[in-house]
Each structure stands twice: as structure tokens, then as C-alpha cells.
Amino acid sequence: MRESDDRLNRRVGELAPLLVVVGPTAVGKSQAAVHLAKALGTEILTADSRQVYRGMDIGTEKPPLQERQGVPHRLIDLVEPDQAFNVGIYRQLALTEIDRVRRQGKIPLVVGGTGLYVRALVRGLWDGPPADWQFRARVTEEARRQGPHYLHLELMRVDPDLARRLHPHDEVKIIRGLEVYHLLGCSLSKLHHAHGFQDKLFSPLIIGLSRERAALYRRIEDRVELELAKGLVQETQTLLDKGHGRELASMKGLGYRQIAGFLAQEYSFEEAVRRLKRDTRHFAKRQLTWFRQ
RNA sequence: GCCGAGGUAGCUCAGUUGGCAGAGCACAGCCCUGAAAAGGCUGGUGUCGACAGUUCGAUUCUGUCCCUCGGCA
């Protein structure tokens with residue numbers, strides 16, 4: 001019943017509206033989004049792969065309660081830092097939230113800096129398996145033994161199309177390709193192609209925020225200093241004390257990674273701050289290439 | 001003032017037995033569908049401190065000067 005409704009809607013071009021605000025870190029998304037949400041009388045659905053972790057507040061720049069001005073923020077604090085999280089889980093939860101907001105007669109407003117999450121909402125996500133960490137550990141170990149280009153050659157055997165698109169050094173993506181073949185017996189490039197990423201559920205209006213580069217970098221530096229003043233070091237220590245090791249994906253996030261290195265006495269505090277600022281600038285640049293298109 | 005070391009990319013430095021100057025970082029551009037704040041690719045950049053001399057040719061050798069750092073005064 002709903003299925004056919006959706007199909008009908010698609011045919012007549014009446015896809016559900018979806019408002020999306022994207023932009024690099026520190027550009028001022030959160031503040032702009034609160035204004036927009038208040039003006040529209042709606043809520044904020046965050047698209048941020050780091051704000052989903054509970055207890056990671058300062059380093060992920062979750063807007064403090066007083067800055068939210070009563071606007072509900074959803075899709076944050078979803079899991080513990082040692083729990084697995086990924087685009088698939090995000091998309092599922094986000095679709096539920098979007099549906100709920102729509103039923104209340106409001107325009108869903110998605111705000112975030114994680115390009116992949118936004119794209120998975122707007123273009124769909126192929127129905128694939130999540131990471132198999134045992135497989136990944138095994139394959140990584142094998143690559144150590146067999147030499148650097150071993151995995152790429154393996155992928156060339158099972159998925160030549162993907163192998164040609166990936167640089168031999170891009171181990172993370174190469175392993176994903178091997179993993180999918182291992183789990184499903186079919187090449188990832190075929191599965192991607194079959195899906196096509198034309199899975200349009202919404203008619204999105206995407207608003208990209210930007211700033212002059214020098215100003216953005218200045219804001220990043222100020223923001224890092226502010227995070228430190230708010231107690232980023234203490235927050236990192238607390239997470240480590242809870243047993244959340246540096247190998248966790250969540251602990252590899254900006255801020256935690258650099259501060260954890262300092263706490264492990266690998267380098268000085270000044271060096272940690274320098275790296276954090278630098279890595280955040282690099283990240284903002286990568287975000288810009290997602291959002292430019 | 002004297003002695004010593006040095007002045008090469010935005011920064012830290014390597015180098016040229018005299019023949020179009022090169023690394024890391026910074027910076028810029030890009031890729032991406034279950035780790036994505038992850039992971040990966042590509043690319044500029046130069047009065048080689050200044051002036052003169054030797055030389056077919058000087059960033060490289062010689063001289064003078066300027067500047068920086070250390071030591072002695």
C-alpha cells in the first residue's frame with residue numbers, strides 16, 4: 001500500500017521535500033541551523049558521524065543546550081564509543097526521524113558535515129553487509145607478510161573494475177572490496193553498479209555554507225582553543241579511563257586522537273595542539289570537496 | 001672589535017667534484033556508499049643574502065660588503 005503510494009508520488013514528481021544544510025567544520029552550521037529550524041518550526045536532524053557517540057561532547061562540538069534554543073536535535077548520542085556505527089545504521093535511523101517529522105507536518109531539516117551520510121540520504125545506499133572486523137584483521141595481517149601491493153593484486157583478481165579505480169595504497173577501500181567479495185561472492189563494483197545510487201526518496205534542497213578560506217582557518221584555530229578551554233583533555237582522559245582505547249573508530253576522531261597521543265607521552269601538548277589544528281584544516285578541505293558538487 | 005658557524009621554497013633543511021636547483025612539512029586541487037572527523041591520489045612555489053672577479057658557463061670557486069647565531073672581549 002505505502003509502496004505503491006511512493007511509486008505514484010515518484011511518478012508525478014511529488015517527492016517529499018528535504019532541507020539539508022552542509023558545510024565544513026567551524027563554518028557556523030549549528031548556529032545557522034538553529035535559526036532556520038526556529039523560523040520553520042521544525043527540528044534538527046544531525047548528519048555527523050562523530051556526534052553519534054555518547055560522552056564525546058567537547059571534541060565533536062555538540063551544540064550545548066543553551067545554544068540549541070529549545071530546538072530538538074536528533075540523531076546524536078546514539079551509541080557508546082565502543083559500539084559499531086556506520087552509514088547503514090545512520091540512514092535507517094535518519095529515515096525514521098524524517099518520517100516522524102513529516103507526519104507532524106514539519107519540513108525535515110538535516111544538518112551536518114559528514115558527506116557520505118548526506119549522500120546516503122539523498123541518493124540511497126546499496127544494501128550491503130557491514131564491516132567484518134575479523135576478516136579485516138586477517139587480511140591486514142596477510143598484507144604485512146606478503147608486501148604492500150598484495151591486497152591490490154588480490155582485488156584485481158576478484159574485482160578488476162574496482163581495483164583499477166583504487167590506488168594500490170588505498171588499503172581501507174581495497175579491503176572493503178575484498179570483504180564484500182568474501183561475504184557475498186560477488187564483486188563490489190557490480191553491486192554498486194546494480195544499485196546505481198538513484199534511490200531518490202526526497203526532493204532535497206541542499207544549502208552549502210562557506211566562508212573565505214583564511215577566515216575559516218582562523219575559526220578552526222579559535223575553536224580548537226575553545227575546546228581545550230572547555231576541557232578536551234579531561235574528556236579524552238575520561239574516555240580512556242572507561243577503557244575506550246585509541247584503536248576504536250570513535251577515538252580516531254579529531255581531538256581525541258591527537259590528545260590521546262599527548263597523554264600517551266608520544267609528543268608534547270604544544271605538538272598535540274599543532275596537529276589538531278592542522279588535521280582539522282585538512283578535514284575541512286576534504287569536506288569542501290564533498291560539498292562543492 | 002676579534003674568532004667560529006651559517007644565510008637555498010612560506011618553514012626546517014639537503015645538494016650541486018662549476019652544466020635547467022630538491023626533500024619533509026605547510027599550502028592548493030581532487031577521489032570516495034557500512035571505519036567516512038576514516039582512507040587515498042595529484043600539484044605549484046625559488047633574484048640559491050648583495051655586489052664584483054675568474055670561467056664558454058657561478059647558487060657552487062675567489063674577494064668585499066650586509067645580516068643571523070654562538071664564543072671571546
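Just so we're on the same page: letters track the sequence lines, and every chain starts at 1. Computed from heavy atoms alone, side chains included, the values below leave out hydrogens, waters and symmetry copies. As the structure is a prediction and not an experimental result, all values here were calculated from the model.
Ion pairing of Lys62(A) with Glu67(A) is absent here, as no side-chain N (NZ or NE/NH1/NH2) approaches a carboxylate O to less than 4.0 Å. Ionic pairing of Glu97(A) and Arg100(A) is present here: one or more N-O contacts between side-chain nitrogen and carboxylate oxygen are shorter than 4.0 angstrom. Ion pairing of Arg144(A) with Glu141(A) is absent here, as no side-chain N (NZ or NE/NH1/NH2) approaches a carboxylate O to less than 4.0 Å. Classification of Arg138(A) and Glu142(A) as a salt-bridged pair fails, no side-chain N sitting under 4.0 Å from a carboxylate O.
The listed nucleotides are rC27(B), rG34(B), rA35(B); the one nearest the side chain of Tyr217(A) is rC27(B). Nearest nucleotide to the side chain of Arg119(A), out of rG29(B), rC32(B), rA35(B): rC32(B). Each of rC25(B), rG39(B), rA28(B) was ranked by its minimum atom distance to the side chain of Arg213(A); first place goes to rA28(B). In this structure, of rA28(B), rA26(B), rG34(B), it is rA26(B) that holds the atom nearest to the side chain of Arg278(A). Proximity note for Tyr53(A) (side chain, C-beta onward) versus rA36(B), rA28(B), rG34(B): the nearest is rA36(B).
Ring centers of His152(A) and Tyr150(A): at least 6.0 Å apart, outside the cut-off. The distance between the ring centers of Tyr256(A) and His244(A) does not fall below 6.0 angstrom.
The stretch residues 229-254 of chain A touches RNA chain B through Lys252(A), Gly253(A), Leu254(A), each having a heavy atom within less than 4.0 Å of the strand. Scanning residues 256-263 of chain A for heavy-atom distances under 4.0 Å to RNA chain B yields Arg257(A). Only at 4.0 angstrom or more do the heavy atoms of residues 19-37 of chain A sit from any atom of RNA chain B, so none qualifies.
Glycosidic conformation of rG34(B) is syn; the angle stays within 90° of 0.
Ring geometry for Tyr117(A) versus Tyr90(A): interplanar angle under 30°, hence parallel rather than tilted (30 to 60°).
Note on Gly255(A): nothing from the nucleic acid sits closer than 4.0 angstrom, heavy atoms only.
When all heavy atoms of Ile259(A) and Val233(A) are compared, the closest pair comes out as CG2-CA, 3.9 Å. Counting all heavy atoms, side chain and backbone alike, Leu162(A) lies closest to Gly177(A) at CD2-CA, 3.7 Å.
Checked against side chain to side chain contact (heavy atoms under 4.5 Å, CB included), Arg54(A) has the following partners two or more places apart in sequence or in another chain: Asp77(A), Glu80(A), Gln83(A).
Helical stems involving RNA chain B, defined as 3 or more consecutive Watson-Crick or G-U pairs under 3.5 Å, span B:1-7 with B:66-72, B:10-13 with B:22-25, B:27-31 with B:39-43, B:49-53 with B:61-65.
To the nearest angstrom, C1' of rG39(B) lies 12 Å from CH2 of Trp290(A). To the nearest angstrom, C1' of rC31(B) lies 14 Å from CZ of Phe197(A). With rounding to whole Å, Glu179(A) atom CD is found 13 Å from rA36(B) atom P. Spacing between atom CG of Asp279(A) and atom P of rC25(B) amounts to 12 Å, rounded to whole angstrom units. Note: CG (Leu116(A)) to P (rC31(B)) measures 14 Å, nearest angstrom.
Applying the 4.0 Å criterion to OP1 and OP2 of rG34(B), one finds that Arg176(A) has a side-chain N or O inside that range. Contact between the side-chain N/O atoms of His282(A) and the OP1/OP2 oxygens of rC27(B) is found at a separation under 4.0 Å. Taking 4.0 angstrom as the limit, Arg281(A) places a side-chain polar atom (N or O) nearer than this to OP1 or OP2 of rC27(B).
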Protein-nucleic acid N or O pairs under 3.5 Å, nucleotides 40-43 of chain B:
| residue | atom | partner | partner atom | Å |
| --- | --- | --- | --- | --- |
| rG40(B) | O4' | Asp170(A) | OD1 | 3.2 |
| rC41(B) | OP1 | His169(A) | ND1 | 2.6 |

